[in-house]
Amino acid sequence: MIEGKNEWYGSRILSLLYKSPGISRSDLADLLGLDRGTVSRIVQYLVSSGLVVEGEEILESSDQAGRKKIALYLSDYSGYSIGLEVQFEFIKYGALSPLGTELFSGIFYRSTKGNLVEDIEYAVRLVREKFPQKKLFGVGIALSGLVDPIRGVLLFSLSLGAREHPLALGAELERRLGVPVFLDNDAKCCCYDVLSRSSTNRYAEPGMPLVSESGNFIYTFCEFIDNPEDTEKYERIGIGTAVVLQEKIFYGSRFAAGEFRNLYADPNLPGQFGRYSCDYFLSMKTDPERRALFIHDLAGSMAYIANFMDIQLLYMGGGIERYGEELQAAFDRAVESTWLYQEYLPRHIQIQFDPSDEKPAVRGAAAMVHRHIFLGPIHEGQKRTGLAYLESLLD
């Protein structure tokens, strides 16, 4: 164990390797303003602790007379984090390594009378049983509804039993699970998936950047829940939106940023889209006209938000990618119609669809844990981060 300034620098080294995998000891020394001997001693400790691994030797620039350096990486075997996406009907679960390798995933269908905390505990146990010898860094949970991620409280959710009173899930789950638990809204967790893949240089498509140069993007999480009794219909469609500004999630004044009701919704009808009937989207699988109406509404709302905020990159995932071509065309039309200066300054806003595995919230929930540990506390006041926290797990 190292303490004091060396511990602080050890945490900074882990952070730099998380953001820029493959840099060398000399790179670290330059970035931290330390002599190479000090950096080498700290790195050696991190390597011997199993937190960092050495890669291949690469040549320095020519002015270094051919001197070689060794690339460094976070160890993909030091431990893992669990991510959950919790919905009324099911819990999706998965395990993610520090470098973003998906180790395991599955789905657990909940009973209508199931206890939320007990169901989450059960899903975590299913994952832990697969990795009895690995160190669990923490559990990230993506929830449908308004979430206070600082206090670990589900503030409001129509589907998860937090209508009249908030649910303080974080403290109770930490007591039961014995590891740190991080909660957030499901769409906001999807943003951590994008940010994590950008940090670890993983790309959804060759040549396609995952985060715009400004670090600003919108994420729309649109999940289609199949109807178990009628394969031609959806049970419901859940939609959430999150905004990232300069690579930080924007929460608003009441943790409600990103929540919206469709621009075209009939105020006399309930629901997020309020069109003709509150279940108008359920037959989208077989009714192209109904699907076109839904896509028109969704594209119009997202285009208005993107234009209003001058954001050039929109991510979508959770299932909506299956209608990607239709949505991109509708979105392009909506961008033109809601952009004031289209005649003079034509605008095109890119949609980046997540891979069609429908697990971005699961990956993002686990990535949220890694981001907290390696890049420092996500929210002011949160502790248990960096090298000191990892050492406590590895003892």
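- For the salt bridge (Lys or Arg N to Asp or Glu O under 4.0 Å) test, no residue two or more places apart in sequence or in another chain qualifies with Arg261.
- The distance from atom CG of Leu72 to atom CG of Asp27, rounded to the nearest 0.5 Å, is 8.5 Å.
- At least one donor-acceptor pair closer than 3.5 Å links the side chain of Thr385 to the backbone N or O of His372.
- Tyr80 is listed as a side-chain neighbour of Arg128, based on a closest heavy-atom distance under 4.5 Å.
- Put simply, the side chain of Glu391 does not reach to within 4.5 Å of the side chain of Leu51, judged on heavy atoms.
- Between Tyr304 and Phe308, the two ring planes are parallel [angle under 30°; tilted spans 30° to 60°].
- Between Leu375 and Ser15, the shortest heavy-atom contact is CD2-OG, 3.3 Å.
- When all heavy atoms are compared, the tightest approach of Gly10 to Leu46 is O-CD1, 4.1 Å.
- In this structure, Asp354 and Tyr219 have side chains that are in contact, with non-hydrogen atoms separated by less than 4.5 Å.
- Arg110 and Gly114 make their closest contact through NH2-O, 3.5 Å (heavy atoms, listed as atom of the first residue, atom of the second, distance).
- Although no hydrogens or angles enter the test, the distance criterion places a donor-acceptor pair under 3.5 Å between the side chain of Gln272 and the main chain of Phe260.
- Counting only distance, with no hydrogens or angles, the side chain of Ser196 and the backbone of Asp193 share no donor-acceptor pair below 3.5 Å.
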**OP:** Could you walk me through whether Trp339 and Ile349 pass the side chain to side chain contact (heavy atoms under 4.5 Å, CB included) test, one step at a time?
**Re:** CA-CA 11 Å; Trp339 172 231; Ile349 299 177; over 6 Å; no
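- Here the CG atom belonging to Leu167 is positioned 8.5 Å from the CG atom belonging to Leu160, to the nearest 0.5 angstrom.
- Under the 4.5 Å side-chain heavy-atom criterion for ILVMFWY residues, a single connected hydrophobic cluster contains both Val124 and Ile91.
- The side-chain heavy atoms of Asp184 and Tyr192, taken from C-beta on, include a pair separated by under 4.5 Å.
- Note on Phe255: it does not cluster hydrophobically with Val181, by side-chain heavy-atom contacts below 4.5 Å among ILVMFWY residues.
- We find the NE2-CD1 distance between His379 and Ile249 to be 7.0 Å, quoted to the nearest 0.5 Å.
- With hydrogens and angles disregarded, a donor-acceptor distance shorter than 3.5 Å links the side chain of Glu321 to the backbone of Gly319.
- The stretch residues 151-163 participates, sequence neighbours left out, in these side chain to side chain donor-acceptor pair (under 3.5 Å) pairs: Asp148-Arg151.
- Arg176 places no side-chain N or O within donor-acceptor distance of the main-chain N or O of Leu173, the cut-off being under 3.5 Å.
- No continuous path of ILVMFWY side-chain contacts below 4.5 Å connects Val153 to Leu177, so the two sit in separate hydrophobic clusters.
- Atom CZ of Phe90 sits in a crowded spot, with more than 12 heavy atoms from other residues, nucleotides or ligands closer than 6.0 Å.
- Asp332 meets the side-chain hydrogen bond (donor to acceptor under 3.5 Å, both in side chains) test with Gln328; sequence neighbours excluded.
- The pair Arg25-Glu54 meets the salt-bridge criterion, since a charged nitrogen lies less than 4.0 angstrom from a carboxylate oxygen.
- In terms of modelled atom types and a separation under 3.5 Å, the side chain of Ser48 and the main chain of Tyr45 share a donor-acceptor contact.
- A donor-acceptor pair is defined here as one N or O able to donate and one able to accept, closer than 3.5 Å; such a pair exists between the side chain of Ser97 and the backbone of Thr101.
- Gly79 and Pro98 make their closest contact through O-CD, 3.3 Å (heavy atoms, listed as atom of the first residue, atom of the second, distance).
- Listed by first and then second residue, the side chain to side chain donor-acceptor pair (under 3.5 Å) pairs that reach into residues 221-233 are Gln87-Glu223, Lys92-Glu223, Asp226-Lys285, sequence neighbours excluded.
- The ring-ring contact (aromatic ring centres under 6.0 Å, His included) test with Phe294 singles out one residue from Tyr323, Tyr234, Phe273, and that residue is Phe273.
- Listed by chain and number, the residues in a side-chain hydrogen bond (donor to acceptor under 3.5 Å, both in side chains) with Glu326 are Arg291 (sequence neighbours excluded).
- Formation of a donor-acceptor pair under 3.5 Å by the Ser11 side chain with backbone atoms of Leu387 is found in this model.
- Atom CZ in Phe156 sits 10.0 Å away from atom CD in Glu259 (nearest 0.5 Å).
- Side chain of Lys69 to main chain of Ser24: no donor-acceptor pair is present (N/O by atom type, distance under 3.5 Å, no hydrogens or angles).
- Distance alone, capped at 3.5 Å, is enough to place a donor-acceptor pair between the Asn185 side chain and the Gly145 backbone.
- Checked against side-chain hydrogen bond (donor to acceptor under 3.5 Å, both in side chains), Asn307 has the following partners two or more places apart in sequence or in another chain: Thr338, Arg347.
- Distance check, rounded to the nearest 0.5 Å: CG of Asn216 to CD of Gln246 gives 6.0 Å.
- When side chains are defined from C-beta on, Ile141 does not count as touching Val147, because their heavy atoms never get closer than 4.5 Å.
- Within the 4.5 Å cutoff, the side chain of Ile305 has no heavy atoms near those of the Ile311 side chain.
- Using a 4.5 Å cut-off between side-chain heavy atoms of Ile, Leu, Val, Met, Phe, Trp and Tyr, with links allowed through other members, Tyr251 and Phe182 fall into the same hydrophobic cluster.
- Hydrophobic clustering (ILVMFWY, side-chain heavy atoms < 4.5 Å, transitive): Leu293 and Leu298 are in one cluster.
- The structure places CG of Leu74 at 11.0 Å from CD1 of Ile13, a figure rounded to the nearest 0.5 Å.
- Contact of the Phe374 side chain with the Leu390 side chain is registered, since non-hydrogen atoms from C-beta on lie closer than 4.5 Å.
- By the 4.5 Å heavy-atom criterion applied to side chains, Cys189 and Phe221 are not counted as neighbours.
- Ionic pairing of Glu172 and Arg175 is present here: one or more N-O contacts between side-chain nitrogen and carboxylate oxygen are shorter than 4.0 angstrom.
- Scanning both residues, Ala257 and Lys188, for their nearest heavy atoms gives O-NZ, 2.9 Å.
- More than 12 heavy atoms of other residues, nucleotides or ligands shown are found within 6.0 angstrom of NE2 on His348.
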